[in-house]
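So the structure is just underneath, and the comments pick up after that.
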Amino acid sequence: MANKWFETVAVAQRRAEKRVPSSVYNAIIGGAEKGLSLASNQRSFDDLGFAPHVAGLPAERSMATRVMGLDLSMPVIISPTGVQAVHPEGEVAVARAATNRGLPMGLSSFASRSMEEVVAANPNTLFQMYWSGGRDVMVQRLERARAAGVKGIILTLDWTFSNGRDWGSPFIPEKMNLRTMIKLSPQALSRPRWFWSYLRLLDIPDLTTPNMAAPGAAPPTFFGAYYEWMTMPPPSWDDIAWLRSQWDGPFMVKGVCRVDDAKRVRDLGATALSVSNHGGNNLDGTPSPIRALPAIAEAVGSEVEVVLDGGVRRGSDVVKAVALGARAVMIGRAYLWGLAVNGQAGVENVLDILRGGIDACMLGLAKSDISELGPDDLVIPPGFLVTLGAD
Ligand SMILES: Cc1cc2nc3c(=O)[nH]c(=O)nc-3n(C[C@H](O)[C@H](O)[C@H](O)COP(=O)(O)O)c2cc1C
């Protein structure tokens, strides 16, 4: 069998494109409108440089940290992604990989696997919710999460239901039945290894969302769940404070870009906030999170844990984010490509690439502990930093 190991995330991306049907690959790429935020999320990391040392480098380096009350072997968290059909084991494979590498698992509301299955694979699971379904329904979901052993909640607030992109949106069927299977069969047959991985398990992705099911009811379809969310009036800050009051454990708000919003998140008692633009899938033109991070970390970082989400593809990106004030980063597409290429082992491969990259940077920057990183370790070009919503 061919060696499935890959040496960088870019290689994994290229292999994923060849391995999965185009509609699945395009669903992972995502992006919104013109793709401005999607492109700038990554480009911004490239704009930052390092200020290395050449001697007095530490022989041993520690990158362990803590976020949301959980120990992390390195400052990386699996960001929740609702992409179905990438791999038959889906979120369970990702959760196992994260467990094996000492990391928490963010599980999307739109995931293909139940929270109970995922917690069994990774006891440090953080369940992601949207403001969807009404207060009673959200309380039911929190109760289910508590009973399942979920360790914390991620409330994602940055979504604008924009539904167009210049390079076209993939076809996502409402349901996997015989008709849609026939319609999609040319794509599936053009990727026989991917198709076979499902066929041999007799496990065709049914595109339902088990974590959005009412107690005792069948899981809604992806679009059924999306409709429930879409038709819900967006939350006020009081609504969010109410939701936070319903969960007595660690609580993260994901999608913050502005200092004033970060302060409100702190004031409502969140444990953590994620500086994020939904990986460029949201309001196109939102600046890359790495540029907005320092002002937010400076304003609230001593009172709420600040993490960075968006555009991370390398260990050096993780180091840049930590140097600019993040406690950790969250990753999305990087692990999805690993999953698409080689299931659980592919996700572990991605995590090992990030670990190796972080370690190499810490050596070059003469840091024995990840907490020693700071802005002085970076070359930050003029005009790079963006401060939104400061007094
Ligand atoms: C295909 C795809 C699906 C996503 N689904 C969700 C989701 O269900 N919930 C959520 O909070 N974020 C979702 N996100 C956003 C990710 O959690 C994360 O913010 C983003 O992927 C980070 O950017 P990166 O992919 O450059 O690492 C999704 C992202 C992608 C690419």
Side-chain angles (χ1 to χ4, degrees), residues 9-10 12-13 16 20 23-32 35 37-46 76-87 90-91 94 104-113 115 118 126-132 152-162 165 169-170 172 207 209-212 222 225-226 228-230 252-257 272-283 286 288-290 293 307-314 317-318 321 326 328-340 347 350-351 353-354:
V9 171
Q13 179 178 357
V20 299
S23 60
V24 177
Y25 180 75
N26 290 335
I28 300 177
I29 292 293
S37 296
L38 176 64
S40 77
N41 281 5
Q42 272 180 267
R43 206 179 44 234
S44 296
F45 279 108
D46 298 345
V76 176
I77 298 169
I78 299 292
S79 218
T81 59
V83 179
Q84 313 223 342
V86 171
H87 186 274
E91 295 82 6
V94 181
M105 165 75 189
L107 176 68
S108 166
S109 278
F110 283 81
S112 60
R113 299 288 158 164
M115 58 176 100
V118 171
L126 306 169
F127 179 58
Q128 178 264 324
M129 294 175 66
Y130 290 112
W131 184 257
S132 175
I153 296 297
I154 300 173
L155 176 66
T156 301
L157 292 177
D158 61 339
W159 190 256
T160 49
F161 301 97
S162 155
R165 41 180 84 103
S169 295
I172 304 175
L207 304 181
T209 52
N211 298 308
M212 298 288 267
F222 190 90
Y226 196 79
E228 176 201 275
W229 174 29
M230 224 178 139
M252 175 191 288
V253 172
K254 176 168 175 280
V256 176
C257 283
L273 68 83
S274 175
V275 184
S276 169
N277 60 14
H278 218 107
N281 294 334
N282 176 38
L283 188 61
T286 307
S288 48
I290 188 71
L293 166 73
V307 303
L308 180 285
D309 170 82
V312 173
R313 305 287 183 269
R314 300 177 175 278
D317 297 340
V318 181
V329 303
M330 301 175 83
I331 57 166
R333 292 176 183 83
Y335 78 79
L336 287 173
W337 289 320
L339 178 68
V347 179
V350 166
L351 298 175
I353 289 168
L354 296 182

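Values below: all heavy atoms of this structure, side chains included; hydrogens, waters and symmetry mates excluded. Atoms within a ligand are numbered from 1 in the order they appear, just like the ligands themselves.
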| Using a 4.0 angstrom limit on heavy atoms, which residues are close to ligand 1? | A27, I28, S79, P80, T81, G82, V83, S108, Q128, Y130, T156, K254, S276, H278, G279, N281, D309, G310, G311, R313, I331, G332, R333

| Sequence-distant partners of E228, side chain to side chain contact (heavy atoms under 4.5 Å, CB included), two or more places apart | S132, R141, M212

| More than 12 heavy atoms from other groups under 6.0 Å of CZ on R313 | yes

| Do the ring planes of F110 and Y226 sit parallel (below 30°), tilted (30 to 60°) or perpendicular (above 60°)? | perpendicular

| Looking at L339, L107, N211, which hits side chain to side chain contact (heavy atoms under 4.5 Å, CB included) with E91? | L107

| Taking atom types as modelled, is there a side-chain donor on D309 or S274 under 3.5 Å from an acceptor on the other? | no

| task | Give a yes-or-no answer on whether the side chains of N277 and N41 include a donor-acceptor pair shorter than 3.5 Å. | result | yes

